[in-house]
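Numbers restart at 1 for each chain; the letters A, B, ... are given by sequence-line order, proteins then strands.
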Number of protein chains: 2
Amino acid sequence: MKKIGVVLSGCGVYDGSEIHEAVLVLLAIDRQGCEAVCLAPAGGFAVTNHLTGQQVAEQRDVLVEAARIARGKIRDIKEVKAAGLDAIVFPGGFGAAKNLSDFAVKGSTASVNVEVVRLLKEMAAAGKPIGAVCIAPVLLAAVLGKQYSPTVTIGNDAATAAEIEKCGAKHQECPVTEIVVDRKNKIVTSPAYMLGTRISEVADGIDKCVKEVINLI
Amino acid sequence: MKKIGVVLSGCGVYDGSEIHEAVLVLLAIDRQGCEAVCLAPAGGFAVTNHLTGQQVAEQRDVLVEAARIARGKIRDIKEVKAAGLDAIVFPGGFGAAKNLSDFAVKGSTASVNVEVVRLLKEMAAAGKPIGAVCIAPVLLAAVLGKQYSPTVTIGNDAATAAEIEKCGAKHQECPVTEIVVDRKNKIVTSPAYMLGTRISEVADGIDKCVKEVINLI
């Protein structure tokens, strides 16, 4: 059974992984007969109250909170190498831009979590497919942009697209139910909630993204 | 557009709403062209670390954490009456048995959150459909068992089924991808992760459950 890494960044759209996107990625992987291997880095993050939208004076741990989405079945990303995976997918949510990187603050000059950098570079060097949805394609731009010039989408947000291009990646506009496929680099992206207003349209794009990632293995 | 209440109990299988089930309920509602209205009661609950499975010395708020699944679009259940909904669905997770009630500790003698009791009784009195998956059917047994004797399923767990029958409800065994429909009471239930080992089979049961709930409106 093919193993697809799913890199989580917490549990909640405003301070972690976007929950719908993460669950829809897990569903699409299972429906393709593959095994999802949930991964996240350990480390603190600032909590946002999702009822008020306000950041609060509390820290939680990325790996511990991501375990909620994974029903406890999750590994610390530092223990996992590309050799143990056939492909990898990044759901979105602000966690990708705040916990896995500081893209939300620094844009194209963002630093990315050292273990995410390592695993992404290992996957790319091994020619293994990489998927990312919503804001998570910025991680691929930040880590792989200069070496591989991948083509990705985050929908049609001009400011984010400009930061992606400053990283050396190319941005291509895309509707929520569709995907952008960079065949040369085996990178597949979809806008998800960067554009989506309905969970069903987000599901359509994520389903296509995961199918194409698995197809490229 | 028909409005379907979705009653959440936090965010995470061990101390709140089972996240996959909740998202799959929201997806099924949207795919049927209906509007999900997320609801939860305010109030503290004891946190379980989902990485270790251990309860920790921390309290969080049910409504605030449930807002993560709802992407912030959630209402306090006390503000919502049956008159504003066409149907209601309860995802599972230990939150249904620990936060919305104390069924996990007290079984058939459980107390149920006063606002959940009120809304369930209003829905039943108005002849509006009620769906519940995983462990959440125990709420229907505890609140509606004596008056309506509803038939429900939580899969095939004999001990839980016995507690359900002590409430005055009837338990019917059911596989994870199927549903039990009590047409007289307009109550639809499915085992979800009480039996499921794969998210895709849980999704199949939940999809059928939500479709039938909407069909019964």
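Within 6.0 Å of atom CZ in B/F94, 12 or fewer heavy atoms from other residues, nucleotides or ligands are found, so the atom counts as exposed in its surroundings.
Side-chain atoms of A/K186 do not come within 3.5 Å of backbone N or O of A/V213 as any donor-acceptor pair.
Ranking A/I19, A/D30, A/I29 against chain B, the residue ahead of the rest is A/D30, based on heavy-atom pairs under 4.5 Å. Among A/L26, A/T52, A/L24, the residue with the largest count of heavy-atom pairs under 4.5 Å with chain B is A/L26. If you tally non-hydrogen atom pairs under 4.5 Å between each of B/H20, B/E201, B/R31 and chain A, the highest count goes to B/H20.
Neither the backbone nor the side chain of B/R75 comes within contact range of chain A; no heavy atoms are under 4.5 Å apart. Neither the backbone nor the side chain of B/D61 comes within contact range of chain A; no heavy atom of the residue lies under 4.5 Å from a heavy atom of that chain.
At a threshold of 4.0 Å, the pair A/D207-A/K211 counts as salt-bridged, since one of the basic side-chain nitrogens sits closer than that to a carboxylate oxygen.
Looking at B/S9 and B/S17, their side chains do bring a donor and an acceptor atom within 3.5 Å of each other.
Among A/V80, A/L119, A/V37, A/V6, the one residue that satisfies the side chain to side chain contact (heavy atoms under 4.5 Å, CB included) test with A/I88 is A/L119.
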